[in-house]
Each structure stands twice: as structure tokens, then as C-alpha cells.
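What follows is a single structure, written as C-alpha cells, with notes after it.
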Amino acid sequence: MKQMKNKCGFLSPALLKMFCFLLAIAPFISINATVKYTINEGWRFSRDHKESYHLPDWNDSKWETINIPHTWNNKDAADDQPGYYRGIGWYRKAVFIDSSSSDRITSLYFDGANQTTTLYVNGKLVGTHKGGYARFSFDISKYIIPGTYNLFAIKVDNSHDVAVPPLTADFTFFGGIYRNLYLVVKEKTSFSISDYASDGIYIRTPSVSDQKAQVETETLLDNYLDAKRKVLFIQTVLGPDGKEIFVHQQQLVLQPGSFKISHKNKFTIDQPFLWSPEAPHLYTLKTVIIDAQSKKELDMQFNTFGLRWFSFDSQNGFSLNGKQIKLIGTNRHQCFLEKGNALPDEFHIADIRLLKEMGGNMLRIAHYPQDPLILAMCDKLGIITSVEVPIVNEITESQEFLQNSLQMTEEMVKQSFNHPSVVIWAYMNEVMLRPPFLDDSTRHKQYCREVNRQANEIESLLRKLDADRYTMIPLHGSLKSYEDAGLVNLPRLVGWNLYQGWYGGVFADFDTFLSKYHAKYPTMPILITEYGADVDDRLHSFKPERFDFTVEYGDLYHEHYLKTILQNKYISGGTIWNLNDFYSESRTDAIPHVNTKGITTRARGLKNTYLLYKVLLAKTPLAYIGSKSWKYRAGTDDGNGSSKQPIKIYSNLETVDIFHNGAFFKRVSIPDQHLQLDLPFTAGKNSIELRADSKTYDFAEFEFTLHPGNLQNSDFSELNVLLGSNRYFEDRDARIVWVPEQPYTPGSWGYIGGSPVRPKTKSGKLPATSVNILNTENDPIFQTQRQGLQSFKLDVKEGQYAVYLYWADLANSSDEKLVYNLDNNTIDKDRTKSIMNVQINSVPVFSNFNSQHGMNAATAIVKKIQVNVVGRKGITVDLQPVEGNTVLNAIRVVKLN
Ligand code: GCB
């Protein structure tokens with residue numbers, strides 16, 4: 001361990017001793033001069049608007065009572081109705097303000113509210129803030145009556161506003177006061193909170209080496225008094241071990257009524273403890289101001305900072321403190337299952353722990369600044385970050401839009417300035433995703449020029465505010481459009497959001513794209529800011545395909561990308577899209593309204609891909625069984641009383657012993673840290689255990705339904721089949737599994753005739769439709785279909801059965817064109833209207849059955865039909881077309897008696 005040296009910039013050690021002595025004999029009154037606490041509870045809320053809602057005597061007793069963090073969209077952004085409420089919501093509360101506020105400065109401080117917030121106190125307008133992702137505060141001193149209750153009325157509006165970014169994006173713009181709300185009471189002389197809601201103290205580390213670090217601080221002070229004030233300004237630096245290593249004291253004279261008075265300070269730390277992912281040492285800067293006369297403490301602030309240096313290099317990637325490290329981590333969206341974006345503190349903290357436990361060393365905080373706890377946790381745990389101005393997909397060509405973007409830039413930098421984890425400021429994510437006016441080249445060029453102008457303004461502001469960090473624009477895989485807008489060489493770093501093998505193409509296109517770009521721009525460093533594939537972890541396939549949303553396709557995608565990122569030195573690293581599944585209202589994928597590219601679910605359940613990274617990045621021995629959450633499984637007897645089930649194993653151990661149902665099955669070596677092997681599952685419970693060096697590394701149990709190969713000779717209980725599909729779907733609530741279709745063979749079961757519905761897109765045919773199916777949570781059961789089907793047959797034994805026929809009219813949907821879907825939007829539907837007659841065992845059941853069923857959107861329809869089977873006739877469902885093609889989405893057959 002290095003010895004930390006005391007270093008004092010302004011005081012000699014003798015003076016320092018004397019100073020401490022003086023402080024000891026004349027102690028200042030050390031109460032917390034600044035009082036800051038949440039006022040989250042018991043707000044009245046109404047999701048509508050009336051001009052008079054801000055008036056103190058408005059009767060809000062019938063309004064809902066809520067607690068902050070709060071959003072009004074956690075339910076409607078996930079329901080079957082397209083769209084979600086984007087408009088005004090009002091919050092009201094009578095807040096008691098202590099009489100001590102009368103000669104102090106009182107503010108209302110928001111950690112974040114989406115997106116335009118207007119505050120009224122006691123009926124009077126205080127101010128408005130625009131933007132949904134930064135902190136902001138209002139000085140309410142003039143509006144309050146201390147010693148009594150004061151009525152706060154807050155109007156929040158999340159309507160689309162052409163002047164406020166983001167305009168569009170692949171995430172839900174949840175409205176409301178969704179982060180903590182504080183009352184802050186400060187002395188009339190204090191650190192300023194009016195500099196873009198930062199805490200008024202900025203710490204720069206312009207030069208750091210393992211020998212020496214230079215630290216510069218700037219403190220902004222406010223003096224509201226109409227008289228001069230003399231203050232003692234004391235700044236102390238504590239080392240990571242809590243020991244004092246530097247003290248600076250100075251008397252300052254603050255002029256009356258002056259604000260953001262800047263006081264700068266510099267010091268050097270010899271042989272510093274460096275900040276890194278392995279050892280995230282943090283220093284603490286304690287700043288105090290004391291009234292020179294009364295010795296009363298006026299304000300005190302603790303800020304942590306870290307000492308490190310870093311660079312991105314176009315050939316060698318990223319290095320920190322002189323050592324090359326590959327950045328591997330994730331992006332994060334700030335929402336959670338059923339909560340929308342309104343998360344309590346613990347949830348933010350838990351996410352960063354989750355990333356650290358995976359072994360990740362980077363978080364791209366996309367696409368907007370997040371709760372202050374996120375950066376605080378990244379500092380503590382050693383996770384390198386990039387933070388982003390929330391301009392996504394497009395801009396508005398207006399000065400007002402630019403001004404708002406610049407304001408957001410300044411808020412972001414000033415609020416996050418001191419965090420050692422931040423190495424990149426980013427802006428304009430995929431701003432040329434769907435550039436307008438493509439059919440009018442003059443107008444298009446004008447748009448490109450405006451994008452360039454706005455980007456230049458943001459870039460220069462960033463460089464002016466912070467000369468030490470990198471700037472970055474994250475681009476999507478269409479290099480030409482960013483060249484047209486002149487964005488490729490503008491920032492210090494280019495981020496690539498790449499999805500080859502998902503939205504189109506094959507995995508290898510990822511490698512080709514990068515090597516071509518690298519050859520064309522050999523001096524530009526590269527960071528893969530996004531890559532990912534959607535996975536609904538209830539879906540599985542033994543024949544994984546692009547866009548099937550299965551766990552297995554997601555595995556293949558990440559295995560390929562991760563290998564490429566690790567193997568190529570010039571790639572600085574990659575941040576997976578995304579840490580968590582997140583709400584994106586307009587999506588209609590396997591889980592409608594959700595982007596499922598997370599390596600964890602919305603409730604942070606671990607997907608296979610999380611385990612893959614964890615094992616690959618781990619420094620300790622690990623072994624995991626993949627798809628443990630796929631508990632209910634089924635398969636057909638292959639003649640040996642069992643069915644082969646592919647099981648994924650992740651491990652960094654040289655060999656792992658696999659035990660199946662308690663018995664040794666096989667010793668395997670796992671050269672690539674992941675391996676798939678077939679295990680013969682038998683009916684009922686199947687257990688798997690992974691052992692090495694007499695230690696159990698992982699254990700899992702599965703419930704297996706073994707379907708008889710020949711239905712006539714064996715017992716049958718139930719069968720659930722997805723038509724037109726290769727996928728398995730696990731219905732966890734019902735604890736059943738749906739299996740892929742198969743053609744009929746005598747003695748068994750299957751379809752006769754027809755073909756699977758495979759929507760056509762510019763990038764080829766897709767294995768399933770992306771249609772939001774109304775009135776079900778199990779959309780994948782209905783999202784595939786066989787059309788032109790003549791019959792479905794099961795050669796079951798005599799008895800009574802229930803046959804359930806599942807339909808959703810996939811032709812009856814607009815298949816919304818989604819901007820982020822790139823070339824993967826449906827261009828030609830091979831789905832037609834269908835009216836048919838249905839017979840079971842030659843008995844007419846439905847005539848002129850219309851799968852639309854009088855609904856004007858694809859809706860889940862399930863018909864349960866009781867069927868008696870006599871002799872060896874089995875069950876035959878016949879479908880005859882009346883108009884269009886016959887269709888059937890799924891079939892479930894259960895033996896009753
Ligand atoms: C992107 C966007 C991100 C989307 C993602 C996707 O490139 O930057 O906002 O969510 O693709 O999943 O399509």
C-alpha cells in the first residue's frame with residue numbers, strides 16, 4: 001500500500017496545527033446549516049387540468065392521494081389501448097414551513113419531473129422548468145409564509161412539445177414527478193444551488209499520474225444579504241481512508257446581493273490512490289463556510305472525487321491509468337415492472353449492483369441523465385460511465401429547440417461534473433435515424449446543415465464546460481447519413497449502435513461493418529454503444545431464427561458480438577442494449593409495449609445472456625445452468641422413455657461434471673465458456689446439478705411433460721401446440737408449455753396442409769408477426785398462425801376431451817411502422833381475411849366462422865369444445881374455407897374423462 005502524504009497548499013504544517021487548535025478552542029456552531037429533506041408523501045393528484053387548480057382554496061379532497069416518486073403512466077403505457085396519456089397532471093399539498101425559514105432561503109428541489117413543470121406557491125406562479133431528465137430547483141423564499149402551512153400546486157405536462165427533446169424515441173415518456181422532491185432551506189449566505197441545480201462546487205482533476213494529481217476546485221457562493229459578509233472558507237481533503245490530507249482556509253468578503261461568486265482553489269496530491277473499476281478509491285472534499293464574526297456555520301458540503309486518467313485510442317482502445325482495459329457493460333433505462341419510471345432509491349442502487357455483479361465495468365447512461373444515485377453508485381463500485389443529453393432520433397429546426405438542448409447540456413455537465421466514473425458526455429443518439437425530406441434533396445441538405453449547426457453548438461458548449469472528458473455522438477449503422485450531416489468527425493469519439501443479425505443481415509455483418517469503418521476512419525476511436533436482440537424469456541426454440549424473440553437466438557447473438565468485441569483491440573468495448581427490458585409504448589413485439597433487449601427482465605430476472613457475461617467476465621470460478629426459469633417443459637418420447645432437451649451450461653471452469661436426476665451424466669469441458677448439450681428428460685421432475693472439485697456450482701429442477709410418440713398406445717393428458725411456429729412458449733401462470741407444430745403422422749398428432757404465416761420485410765421473412773393481441777398477456781400464443789390448414793389430427797384414445805381452438809385475426813392489424821424497426825417493418829402481409837367452417841370429427845361446430853369475430857383489432861379468441869372420442873377415431877379438426885384462407889393460431893387438447 002502506498003503511504004498517503006499530507007500535502008497542504010496554503011498552510012504550512014505548523015500553521016495547520018495552530019489552525020486546528022484555534023478551531024478546537026473556538027468551536028463554531030456546527031449544526032447542519034443547510035436542511036434538505038424529501039416532501040414526497042401525501043400529495044393530492046389529478047390527471048387533468050383546470051385553470052383554477054393552482055388556487056389555494058381549490059377543493060382537492062376528492063383527488064387521489066399519492067406518494068412521489070409518481071408517474072401517471074405506469075398502467076396506461078402497458079395496457080392494450082394504443083398510446084398513453086400525454087398531457088397535464090396536477091399535484092397539490094399543504095406543506096408546513098418552519099418559522100426558521102423566515103430569514104433563510106427556501107427552495108423546492110426536484111430530482112426530476114417529466115417534462116414541463118410549473119410551480120405555484122400559495123396561488124402565485126413561481127416558475128417553469130422544461131426537460132424531463134435533469135434536476136432543477138425553484139427559490140420559493142418570496143412566496144412562502146414561514147411558521148404555517150403553504151399550498152404548493154405543481155403542474156407537470158408530458159405533452160409532445162416540438163421545442164423540447166426528446167421528440168420521439170424507443171422508450172415511454174412517463175409523465176409525473178417521478179424522482180424525489182425536496183425542500184431545501186439554506187442560510188442567506190451559502191453555496192449556490194442556482195447554477196443549473198448543481199451543488200455549487202466543481203472539482204477538476206486536470207492532471208493525474210501515479211506520482212501526482214492536480215486538483216482544482218471552484219465553489220460558487222451566494223450572498224442574499226444586503227450587506228457585505230465576511231466568511232471563513234475552509235476546504236479539507238480526506239483521503240480514501242478518511243484521513244485529512246489537505247486543509248485550506250481563507251477569509252472571503254462577499255459583496256451584498258451577489259450570486260455565484262466564484263472562489264477557486266488548487267492543490268496537489270502526491271502518490272495518489274487511483275480510481276479504477278478494481279479499486280474505486282474516492283477522496284472527499286469537505287467545504288465549509290463560517291461567518292467570520294459569529295463563527296456560525298453557514299453551509300457545509302461533502303463531495304467525493306476520484307483520481308484517474310484515461311484515453312480512447314483508435315488502434316488500442318480504451319486505457320485507464322495507463323492500462324488498457326476492455327469496456328464491457330450495459331445501457332440502462334430507468335423503469336421497472338409496473339412502476340414505470342417512478343422508482344424508489346433502492347431500485348436504482350440495485351441496478352448498479354446487478355451490473356457490477358455481472359462483472360461489467362461500464363454503463364452508458366442512455367438516453368438521458370438519470371437519478372443522482374446512479375452516478376454515485378458507479379463512482380463507488382467502479383463503473384465507467386457516459387451520460388447523454390436526451391436528443392434522440394431527430395431535431396426540430398428551431399432556435400428554441402437548440403436553446404433547450406443547450407440548457408439540458410449545461411444541466412447534465414454541471415450536475416454530474418464531479419463524478420470520476422464519467423468519462424464521456426454524449427448527445428444526439430441516432431439523430432439521422434429517419435432523416436426527413438429524403439425526396440427533396442435541397443430541403444434534406446438544409447436539415448442536415450441544421451443538425452450539424454446544432455451539433456456544433458452542443459459540442460463547443462461541452463468542450464467549454466469540460467475540457468477533460470470525451471464527447472460522443474452515438475450513430476446507427478448508416479454511416480452515409482452521418483457523413484451527410486458532418487457528424488462523424490465532430491465529437492472526440494464515435495459510438496456505434498449496431499444490430500446486424502437482428503433488424504437485418506447476419507451476425508458476421510457486424511464484423512464487416514466495423515472493419516470497413518475502421519479502415520475508412522483509422523484515427524477515430526470506436527465504442528460499441530449498443531447491440532442486442534429481443535428476448536421474451538418465455539419463448540424458446542431449438543431452431544433459433546432472427547426475430548423469433550427466443551432465449552436461444554439471443555444467446556447466439558451475444559456469443560457472436562461479445563467474441564468480436566473482445567478479439568479486436570481497436571474496439572474500445574461494448575455496452576449491451578440493455579441492462580433491463582424497458583417500456584416502449586408503441587412496440588408490439590412478443591411482450592407488447594416493451595423492448596425486450598434487456599439481459600434482465602423488467603423485474604430484473606436474469607436471462608441467459610446475463611449469465612454468459614457474468615461467467616466470461618468473472619475472475620472467480622463459476623458454473624451456471626442456462627434457462628433455469630424455463631421450468632415447465634415438454635417434448636415427445638423418442639422411443640426410450642425420454643426426450644432430448646438442449647441445456648445451456650455457462651462456466652469458466654476447465655471441466656464440469658453434470659448430474660442428471662442425481663446420477664453422474666457426463667464430464668464436459670467448456671472451451672468458450674458456454675456449451676449446449678442434450679439431456680434425456682424423463683416424465684415428471686428432472687434435476688440438473690453442476691459439480692466441480694466436489695462442490696455444487698448450480699442446481700435446477702424442471703417439470704417435464706413427456707408426450708407419447710404414439711397416442712394410441714399410451715396415456716394422454718394434454719397437448720398445447722403453437723401453429724405456424726418453431727417456438728416453445730411457457731405460460732408460467734398456468735404452468736404449462738406450448739410446443740411447436742409438426743406435420744401429422746399416423747398414431748401421433750399434427751397439422752395437415754397449409755403454411756406458416758411469415759410476414760415479409762425488406763430484410764426477409766420473419767418467424768412471427770409483431771401484432772399486439774388484445775385481451776391476453778400471452779401474445780406469443782396468438783402471434784403465429786398456420787393458414788390454408790385443412791385439418792389438425794390427434795390419434796388419441798377413446799374418452800372425453802376438451803379441444804380449445806385459438807384465433808387472433810393477424811390480418812386485422814395495422815402493423816404500425818416503427819421508426820426504429822429499420823428494415824424490419826412488414827412490407828407485405830401474407831395474411832388474408834378468413835371465414836371458414838369448422839368441424840370436429842365430422843360434426844359441424846362453427847359455420848361461417850370469422851376469425852375477426854366482430855373486433856376491429858387482433859383479439860384473443862379461445863373456443864372450448866367438448867369432444868367425445870369413440871373407438872379409434874381420435875380427434876380431427878377440419879377447417880374449410882368460405883372466404884379467404886382457413887387459419888388457426890394454436891390448439892390445446894386436454895383429456896377430461
Ligand atoms: C437503438 C436506439 C434505442 C433502441 C434500440 C432498439 O439503436 O438507440 O433507443 O431502443 O435501438 O432496441 O431498437
Side-chain angles (χ1 to χ4, degrees), residues 77 132-133 165-174 329-335 341 363-370 386-395 424 426-435 472-479 481-482 487 494-505 509-510 513-514 527-536 546-547 549 553-554 557-558 561 574-602 607 609 761 763 766 770 816-825:
Y133 304 96
L167 300 168
T168 58
D170 180 18
F171 58 94
T172 301
F173 301 152
F174 294 99
T330 68
N331 290 262
R332 175 197 189 243
H333 265 300
Q334 58 180 6
C335 57
N341 59 354
L363 179 69
R364 172 176 170 237
I365 302 175
H367 296 304
Y368 42 79
Q370 301 189 4
S386 126
V387 194
E388 208 153 303
V389 184
I391 306 166
V392 185
N393 293 355
E394 54 184 318
I395 59 152
I424 301 169
Y427 60 98
M428 285 194 173
N429 179 72
E430 302 189 357
V431 73
M432 299 298 284
L433 185 63
R434 280 274 179 268
M472 178 175 82
I473 305 187
L475 316 178
H476 82 281
S478 156
L479 180 56
S481 37
Y482 296 95
L487 298 187
V494 156
W496 280 110
N497 300 346
L498 298 175
Y499 291 92
Q500 290 87 350
W502 181 250
Y503 288 119
D509 298 341
F510 171 64
F513 179 92
L514 283 173
L527 178 67
I528 310 301
T529 33
E530 286 181 28
Y531 63 102
D534 280 272
V535 168
D536 172 352
R546 189 174 71 79
F547 242 71
F549 298 92
Y553 190 78
Y557 178 100
H558 281 277
Y561 272 63
T575 46
I576 305 160
W577 190 257
N578 190 31
L579 175 66
N580 53 301
D581 288 351
F582 58 92
Y583 288 98
S584 176
E585 206 278 341
S586 55
R587 280 194 175 256
T588 53
D589 298 334
I591 307 178
H593 318 299
V594 178
N595 182 317
T596 51
K597 294 195 187 71
I599 52 170
T600 69
T601 62
R602 278 169 297 165
K607 297 188 189 173
T609 34
T761 71
S763 305
L766 300 181
S770 278
E816 206 182 329
K817 294 257 179 294
L818 299 176
V819 71
Y820 43 77
N821 240 350
L822 304 174
D823 290 340
N824 231 20
N825 278 311

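Read the numbers this way: they start at 1 and go in the same order the structure lists the ligands and their atoms. Because the structure is predicted, anything quoted here is derived from the model rather than measured.
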**Study point:** Atoms in ligand 1 flagged as close to Glu430, the criterion being non-hydrogen separation under 4.0 Å
**Key:** 1 (C), 2 (C), 7 (O), 8 (O)

Practice item. Indicate yes or no for a side-chain donor-acceptor contact from Asn595 to the backbone of Phe171 under 3.5 Å, with no hydrogens or angles considered. Key: no

Check your understanding: Which atoms from ligand 1 have a heavy atom of Tyr503 less than 4.0 Å away?
Key -> 6 (C), 12 (O), 13 (O)

Check your understanding: Between Asn578 and ligand 1, which part of the residue brings a heavy atom under 4.0 Å of the ligand: side chain, backbone, both or neither?
Key -> neither

Exercise for review: With heavy atoms of Asn497 as the reference, note each atom of ligand 1 found under 4.0 Å away.
Suggested key: 7 (O), 8 (O)

Check your understanding: Between the side chain of Asp534 and the main-chain N/O of Thr596, is any donor-acceptor distance below 3.5 Å?
Key -> yes

Check your understanding: Counting N and O atoms only, with roles assigned by atom type, does the side chain of Lys607 sit under 3.5 Å from a partner on the main chain of Val535, one being a donor and the other an acceptor?
Key -> yes

Check your understanding: Would you call Asp170 and Arg587 a salt bridge, using N to O less than 4.0 angstrom?
Key -> yes

Study note, to complete from the structure: Logged contact type for Trp577 with ligand 1, heavy-atom cut-off 4.0 Å, is side chain

Practice item. Run down the list His367, Glu530, Arg587 and name the one with the heavy atom closest to atom 9 (O) of ligand 1. Key: His367

Check your understanding: Which of the atoms of ligand 1 are close to Phe582, meaning less than 4.0 Å from one of its heavy atoms?
Key -> 10 (O)

**Study point:** Location of contacts on Asn595 toward ligand 1, heavy atoms closer than 4.0 Å
**Key:** side chain

Review point. Can a salt bridge be assigned to the pair Glu530 and Arg364 using a cut-off of 4.0 Å between side-chain N and carboxylate O?
Key: yes

Check your understanding: Out of Trp496, Tyr482, Tyr499, which one pairs with His476 under the side-chain hydrogen bond (donor to acceptor under 3.5 Å, both in side chains) rule?
Key -> Tyr482

